[in-house]
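Heads up: the structure comes next, in structure tokens.
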Amino acid sequence: MSPWVQEFWRVFGITTGLWLIGLLIGQAMLFLFLASLTYIGWHLYHLRQLEQWFSHKKFHPPEAPGIWGEVFYHFYRLQQRNRKRKRQLGEMLKRFQNSTAAMPDATVVLGPDYEIEWFNKAAAQLLGLQSPRDRGQPITNLIRYPSFHQYLEQGNYEDNTLKFVSPIDAGIMLRVSVIPYADNQRLLLARDITHLHRLEQIRSDFIANVSHELRTPLTVITGLVETMRDSEDCTQSHQRPLLLLAQQTARMRNIVEDLLLLSRLESEPPTNHSEPVAVAEMLRSIYEEAVALSGDRQHQITLAVEEELIIYGQEGELRSAFSNLVFNAVRYTPTGGAITIRWYRDDQGAHFSVADTGEGIAPEHLPRLTERFYRVDVARSRNQGGTGLGLAIVKHVLNRHRGQLHIESEPSKGSLFRCDFPPSLRADLTTF
Ligand code: ADP
């Protein structure tokens, strides 16, 4: 029989039974009232049992007849299901914690205000975090590098990592990345890249040393070739091989100089002693050099600059980057083509751009253009006196100025190379 039918018969039995007794002794209403009180009392008793069962956290439910037995049974099933789910979740959490604890990378869960919510063992070893002392503290209070603060503030974590020395061991180099997830949560990962960093340093020291060692012999060869060419003993038949020798030596010198510049840009930290750079003036002299490089190829070179637009930076580095872009435009634009050099500002910051109507670049080459020695056409680049390092230099200089290189190009239509500098780099004329 269903518990509700049982319940109905219980109410019916108690009320009619007591009502009939009441009728017999002439107190029908009183007995009906007594019946209601008995029924309410029975419910109150079981409600109390339910409350006590919950508050004393007993495992087994109390025994009860009818509808209350059914209620207790359902609560008991629910409780068992919750216990099972809790156990499973606990096991899962334990497994997750064990696996992240075994991970060699430091893992830190950060809340909306960068406060530390959880971290693994590696985070204690690599970042010096301590539990429970550091839980709930903003990570920026514990890792105090300005570059780290900037990295967190700018919020652009995609494809963006940061390298810094471990706050507790100067011999450990870390690469840090942040992955946002859920609502305002962030996962901070730090990997020990000491070994990789050392190899990188060895490679860049090697290139710098080789380039440096080659400099002197090349200068000597250049001098000797010039002397031999100018000498009266130099016969006509020797002139051509000597000219070729002079050209190839000049090419090698350019490569060596570019390699030295690149290793300097790579190894030296961005200097904080930025100076206001009068870009317009610098561009005028680059323009003169571009006109000379163009020679009789009659390019229409236009210069449009905002005279008063000045940025903080390293003059020498900016000159290298801008002249590389302008000279590339001259090299890769056929006779009579147009080249437009612009220096302007807008809400996004200051911009330097070079547009040409030259041969353009196929889209598949664009992502690799800033790699060292990457050329679309090796023979053509060599003929034009290119080293294959120009755009790598541009990229490094821009990185050091918090700028970005933007390239648009279409084969046989032309190219646009634009350097975007953040508004914070702009200087006011009055700061001179
Ligand atoms: P390079 O010394 O060979 O010019 P860069 O690093 O400056 O080396 O440029 C890499 C390659 O990008 C060049 O070899 C060339 O193929 C291509 N490139 C650069 N600038 C232009 C341009 N303005 N128009 C067409 N191709 C270009």
Side-chain angles (χ1 to χ4, degrees), residues 204 207 211 214 218 247-266 283 286-287 289-295 297-304 316-343 351-401 403-420:
S204 102
I207 294 174
S211 314
L214 285 174
L218 278 174
Q247 281 171 348
Q248 293 306 315
T249 329
R251 214 170 80 75
M252 269 180 88
R253 282 184 68 178
N254 286 343
I255 295 178
V256 164
E257 290 307 322
D258 276 0
L259 277 174
L260 277 172
L261 176 61
L262 253 181
S263 13
R264 195 173 58 72
L265 291 173
E266 257 185 353
L283 290 181
I286 294 177
Y287 168 83
E289 290 170 43
V291 171
L293 184 69
S294 166
R297 288 196 289 152
Q298 294 173 346
H299 293 114
Q300 296 151 34
I301 309 179
T302 318
L303 181 66
E317 292 180 12
L318 289 173
R319 175 180 277 276
S320 295
F322 294 167
S323 54
N324 265 310
L325 292 177
V326 173
F327 298 162
N328 272 353
V330 175
R331 282 195 200 115
Y332 301 108
T333 303
T335 306
I339 296 166
T340 311
I341 306 165
R342 288 183 68 204
W343 173 239
H351 310 275
F352 166 78
S353 74
V354 185
D356 64 53
T357 56
E359 58 197 53
I361 305 157
E364 65 268 23
H365 296 293
L366 294 181
R368 299 195 57 191
L369 279 189
T370 54
E371 288 174 21
R372 284 151 201 246
F373 296 115
Y374 187 85
R375 288 122 151 176
V376 176
D377 180 340
V378 179
R380 177 137 171 61
S381 156
R382 282 198 186 129
N383 283 344
Q384 297 291 341
T387 60
L389 295 169
L391 292 181
I393 292 175
V394 173
K395 190 181 116 184
H396 272 87
V397 170
L398 290 184
N399 275 351
R400 289 162 67 84
H401 287 79
Q404 285 200 326
L405 181 63
H406 173 87
I407 310 173
E408 284 170 28
S409 192
E410 214 177 309
S412 57
K413 289 221 166 129
S415 315
L416 171 89
F417 287 79
R418 197 181 68 225
C419 306
D420 300 328

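Being a predicted model, the structure only gives us computed values, none of them experimental. We count ligands from 1, going down the list as the structure has it; atoms in each ligand are counted the same way. When a residue number appears, it is its place in the shown sequence, counting from 1.
Closest heavy-atom contact between Gly414 and Ser409: O-OG, 3.3 Å. The minimum heavy-atom distance between Arg380 and Tyr332, with the atom names listed, is NH2-CA, 3.9 Å. Shortest non-hydrogen contact noted between Leu391 and Thr370 is O-CG2, 3.8 Å. Ile341 and Tyr287 make their closest contact through CD1-CD1, 4.5 Å (heavy atoms, listed as atom of the first residue, atom of the second, distance). Listed here is the closest heavy atom pair of Glu266 and Ser204: OE1-CB, 3.7 Å.
By the 6.0 Å contact criterion, CD on Glu371 is enclosed, its count of non-hydrogen atoms from other residues, nucleotides or ligands being greater than 12. Under a cut-off of 6.0 angstrom, the local environment of CD in Glu364 is crowded, with over 12 non-hydrogen atoms contributed by other residues, nucleotides or ligands.
Not a single N or O atom of Tyr374, backbone or side chain, sits closer than 3.5 Å to an N or O atom of ligand 1. Every N/O-N/O distance between Glu359 and ligand 1 stays at or above 3.5 Å. At a 3.5 angstrom cut-off on N or O pairs, Gly360 does not count as close to ligand 1.
Nearest protein neighbour of atom 5 (P) of ligand 1, counting heavy atoms only, is Leu391 N, 3.6 Å. At the shortest separation from atom 3 (O) of ligand 1 among protein heavy atoms lies Ser381 OG, 2.6 Å. Looking only at heavy atoms of the protein, atom 19 (C) of ligand 1 is closest to Asn328 ND2, 3.5 Å. What sits closest to atom 23 (N) of ligand 1 on the protein, heavy atoms only, is Asp356 OD2, 2.9 Å. For atom 8 (O) of ligand 1, the closest non-hydrogen atom of the protein is Gly388 CA, 3.2 Å. Nearest to atom 21 (C) of ligand 1 among the protein's heavy atoms is Tyr332 CD1, 3.5 Å.
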Applying side chain to side chain donor-acceptor pair (under 3.5 Å) to Arg331 and Asn328, what does each step give before you reach the verdict? CA-CA 5 Å; Arg331 282 195 200 115; Asn328 272 353; 3.0 Å; yes
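For ligand 1 and Thr387, the ligand atoms under 4.0 Å from any heavy atom of the residue are 2 (O). Atoms of ligand 1 lying under 4.0 Å from any heavy atom of Arg375, numbered from 1 in the order shown and given with element: 3 (O), 14 (O). Under a 4.0 Å criterion applied to the non-hydrogen atoms of Phe417, ligand 1 contributes the atoms 20 (N), 21 (C), 22 (C), 23 (N). Near Gly390, meaning under 4.0 Å from one of its heavy atoms, ligand 1 places the atoms 5 (P), 6 (O), 7 (O).
With a 4.0 Å heavy-atom cut-off, ligand 1 is reached by no atom of Thr333.
Between atom 17 (C) of ligand 1 and the options Leu389, Val376, Leu325, the minimum heavy-atom separation is to Val376.
Between Phe322 and Phe352, the ring-plane angle classifies as parallel under the 30° and 60° cut-offs.
Using a 4.0 Å cutoff on heavy atoms, Gly358 does not count as a contact of ligand 1. The shortest heavy-atom distance from Leu369 to ligand 1 is under 4.0 Å.
The main-chain N or O of Val394 is never found under 3.5 Å from a side-chain atom of Ser320 such that the two would form a donor-acceptor pair.
Proximity of Leu260 to Arg264: side-chain heavy atoms (C-beta onward) are nowhere separated by under 4.5 Å.
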